[in-house]
Amino acid sequence: MEGPAPWERLSEEELEDQYSPSRWVIRRGAEEALRTYSHIGDEATKKARATRKSLLHVPYGDGEGEKLDIYFPEGVSEASPFCLFFHGGYWQSGSKDTSAFMVNPLTEQGVTVVVVAYDIAPKGTLDQMVDQVTRSIVFVQKQYPCNEGIYLCGHSAGAHLAAMMLLANWTKHGVTPNLKGFFLLSGIYDLKPIVYTSQNAPLLMTLEDAQRNSPQLLLEAALTRPLDPACHVLVSVGQHDSPEFHRQSKEFYQILRQGGWNASFEEIHDMDHFEIIWNLTQKDYVLTQMILRTILQEPRRH
Ligand SMILES: N[C@@H](CC(=O)c1ccccc1NC=O)C(=O)O
């Protein structure tokens, strides 16, 4: 028998603390960090919509919330690489309309950026969100079959949703997306501890729901190898993220390596859970540079 998981040894209060990212920021108060995150997301989205050619609120399904925004680089070419972004907010807050963080620096370098909305709780369940994210990727592949690679980037709960795509079954959707890379920022990959925190109140996850939607547990149990061995998975966590967030990222990275994935791990120096993402508005930020290098180094078809 294996012993209890590290998180199972924590008291209820400790667990709550570990899974409350805003309590770990060092340069401002918790409330101020959340306000700044929203403000920067809001401003970045206004700027992206004012300065980039875009298609906004494009439906990828019939549901009211199944919409995405597409931001094109200069001199649009449908043959560009595509980067899809999935926002965080513990599957219960956040919106595509305040999440265009990476749009300007990436489109400037010839990457098309797609910011995807999904039905957050209490409207959506974890299973529904995973299905919506799957269909948003299928939609982009079908709409832009000449894409030069699809890259998925997610923050926190959005990194979880992106990571679930490592296990997606594309055959029933009639198309296999041209997935070339994953950028997982400050994510959660084992959802079981969340069941015992206040974050679960709107989610209403049972332990079975958590298990079925945990990429860590699914990859541990999987016998499959990656379809494309070159597909790169970056697992990164902020230096000031909580110890549980660090543990989740490190363990997920290790499972990926054991499963034969081309994965790398990066602790981002002096970043907290929110700075790690809002700095993607800056082109000289270390993560912006890593993402661009991964996408642009890919040999192009011409
Ligand atoms: N109530 C949470 C909010 C939070 O975790 C969060 C907020 C915005 C974007 C991502 C977040 N975390 C995970 O998805 C906190 O304590 O910080």
Side-chain angles (χ1 to χ4, degrees), residues 7 10 12-45 85-102 115-126 129-130 132-133 152-164 182-203 205 210 213-216 235-249 252 268 271-281 287:
W7 63 269
L10 301 176
E12 206 175 310
E13 295 74 40
E14 281 171 322
L15 197 66
E16 188 66 25
D17 234 25
Q18 291 283 335
Y19 285 96
S20 298
S22 58
R23 295 185 191 174
W24 298 83
V25 301
I26 60 160
R27 270 174 283 272
R28 40 183 79 72
E31 300 271 301
E32 194 194 343
L34 291 168
R35 265 200 314 274
T36 309
Y37 164 81
S38 300
H39 176 72
I40 294 179
D42 209 27
E43 292 295 309
T45 306
F85 181 74
F86 305 96
H87 69 78
Y90 264 134
W91 310 276
Q92 57 201 268
S93 68
S95 145
K96 74 171 173 57
D97 300 314
T98 52
S99 300
F101 300 98
M102 64 182 357
V115 186
V116 179
Y118 53 91
D119 281 325
I120 53 177
K123 187 177 181 209
T125 63
L126 255 297
M129 293 179 227
V130 171
Q132 290 179 325
V133 165
L152 307 184
C153 178
H155 171 233
S156 202
H160 157 267
L161 293 170
M164 285 296 283
F182 291 75
F183 309 112
L184 309 175
L185 318 183
S186 287
I188 300 171
Y189 310 102
D190 174 0
L191 303 193
K192 282 199 316 223
I194 305 292
V195 174
Y196 304 99
T197 69
S198 67
Q199 309 294 345
N200 197 35
L203 299 171
M205 267 193 299
N213 287 293
S214 289
Q216 169 87 16
V235 183
S236 81
V237 66
Q239 183 187 344
H240 305 305
D241 260 310
S242 76
E244 268 295 287
F245 272 73
H246 278 257
R247 185 185 66 78
Q248 288 247 359
S249 282
F252 191 57
I268 309 300
M271 289 293 133
D272 67 34
H273 191 78
F274 305 96
E275 293 163 339
I276 198 172
I277 187 75
W278 81 46
N279 278 312
L280 285 176
T281 53
L287 257 176

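First listed ligand is number 1; within each ligand, the first listed atom is number 1.
Looking at Tyr90, Tyr37, Phe274, Phe245, it is Phe274 that brings a heavy atom closest to atom 7 (C) of ligand 1. Across Ser93, Ser156, Ser198, heavy-atom proximity to atom 13 (C) of ligand 1 is greatest for Ser156.
Protein heavy atom closest to atom 3 (C) of ligand 1, with residue, atom name and distance, is Leu34 CD2, 4.0 Å. Protein heavy atom in closest approach to atom 1 (N) of ligand 1: Gln199 NE2, 4.2 Å. Among protein heavy atoms, the minimum distance from atom 15 (C) of ligand 1 is reached at Ser22 OG, 3.3 Å.
Using modelled atom types, one finds a donor on one side chain and an acceptor on the other under 3.5 Å when comparing Tyr19 with Glu244. One side chain, Trp91 or His160, offers a donor N or O that lies under 3.5 Å from an acceptor on the other. Side-chain contact annotation: Asp241 with Ser186, donor-acceptor N/O pair under 3.5 Å present.
Among the atoms of His155, none of the N or O lies under 3.5 angstrom from an N or O of ligand 1. At least one N or O atom of Ala157 sits closer than 3.5 Å to an N or O atom of ligand 1.
Phe85 is listed as a side-chain neighbour of His155, based on a closest heavy-atom distance under 4.5 Å.
Remark: the backbone N or O of Tyr189 is paired with a side-chain donor or acceptor of Gln248 at under 3.5 angstrom.
At least one heavy atom of Gly89 sits closer than 4.0 Å to an atom of ligand 1. Using a non-hydrogen distance threshold of 4.0 Å, His273 registers as a contact of ligand 1.
Per-residue contacts place Ser20 under 4.0 angstrom from the following atoms of ligand 1 (heavy atoms of the residue considered): 16 (O).
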- Message: Set out, in order, the CA-CA distance, both residues' side-chain angles and the distance that settles side chain to side chain contact (heavy atoms under 4.5 Å, CB included) for Val195 and Leu191, then state yes or no.
- Response: CA-CA 7 Å; Val195 174; Leu191 303 193; 5.9 Å; no
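Using a 4.0 Å cut-off between charged side-chain N and carboxylate O, Glu32 and Arg35 make no salt bridge.
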